[in-house]
Amino acid sequence: ARVILQLEKQIGADNLAAVIIEPIQGEGGFIVPADGFLPAIVDWCRENGVVFIADEVQTGFARTGHMFASEIFGIEPDLITTAKGIAGGLPLAAVTGRAEIMDASHSGGLGGTYGGNPIACAAALASIDVFENDGVIERAREIGAILTERLTSIQQSDPRVGDVRGHGAMIAAEFVDPESKAPDAALTAAVAKACIAQGVVVLTCGTYGNVIRFLPPLSIGDDLLNEGLDIVAAALAAA
Ligand SMILES: *Cc1c(COP(=O)(O)O)cnc(C)c1O
């Protein structure tokens, strides 16, 4: 209700072409929206003739244990943006959407220097084939179960670990002051630095810089994943 009030009072539906939102915030700290949040915004957009765009660059392509995170929330965006996982590491990004929107651009009106690069497109087709036939979505869920199990078990014995959250192979852990629960960015940076020194590249995120996000490749094996998590656990214990 607060977001819709802001849209109506600060911008006005008449002035608004589109709402673009990450179904689960990435850089913002892996914030999973409350139940009903996204459907209410989609409904409001539909009622007001505003295009609803889901930025699935980080959440898309099986990352969350669904082909797209929008599925988790039962929403159907008008447009989605995708990149990162779509071409197995080759540089490619895409906008996919309703025909009446996509076809509205004039011939040559949607493009870029590298748009439609044939090698990257071939890699994307091969990736899609793997996603459809090699159980990648299921694997993302298994990775998520391991990450959640290991991180919540660390959380139970270490009060410096705050919230553990996310979906599928997109899981984050917050680091906080054990007493006040205030975000502890210094601890987070120290853990990340110690991990990198041991060869495990972790990324921090979140408004307060106190979140470590886990986005392992969906092709990672259990052994390597657990070895990486062992290093994270040791880095935290030593910090
Ligand atoms: C990485 C990222 C982008 C940027 O995508 P580019 O294809 O590099 O422009 C946009 N949105 C989200 C959520 C991202 O994670």
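Both counts, for ligands and for their atoms, begin at 1 and track the order of listing.
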Worksheet item: Step by step, would you call F68 with F61 a ring-ring contact (aromatic ring centres under 6.0 Å, His included)?
Response: CA-CA 6 Å; F68 298 105; F61 270 71; 5.8 Å; yes
Item to complete: Just do the side-chain hydrogen bond (donor to acceptor under 3.5 Å, both in side chains) check on E56 and S70 with the steps written out, would you?
Response: CA-CA 8 Å; E56 294 258 16; S70 293; 2.8 Å; yes
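Shortest contact from atom 10 (C) of ligand 1 to any protein heavy atom: D55 OD2, 3.6 Å. When hydrogens are left out, the protein atom nearest atom 1 (C) of ligand 1 is K84 NZ, 1.6 Å; that is the closest non-hydrogen contact. For atom 13 (C) of ligand 1, the closest non-hydrogen atom on the protein side is E22 OE1, 3.2 Å. When hydrogens are left out, the protein atom nearest atom 3 (C) of ligand 1 is V57 CG1, 3.6 Å; that is the closest non-hydrogen contact.
Residues R46 and D78 are paired through a salt bridge, judged by an N-O separation under 4.0 Å between the basic side chain and the carboxylate. A salt bridge does not link R160 with D177: every distance from a Lys NZ or Arg NE/NH1/NH2 to an Asp or Glu carboxylate oxygen is 4.0 Å or more.
Atom 5 (O) of ligand 1 is flagged as protein-proximal [any protein heavy atom, distance under 4.0 Å].
The contact set between ligand 1 and A83, taken as ligand atoms under 4.0 Å from a residue heavy atom, comprises 7 (O).
Neither side chain, D222 nor N226, offers a donor N or O lying under 3.5 Å from an acceptor on the other.
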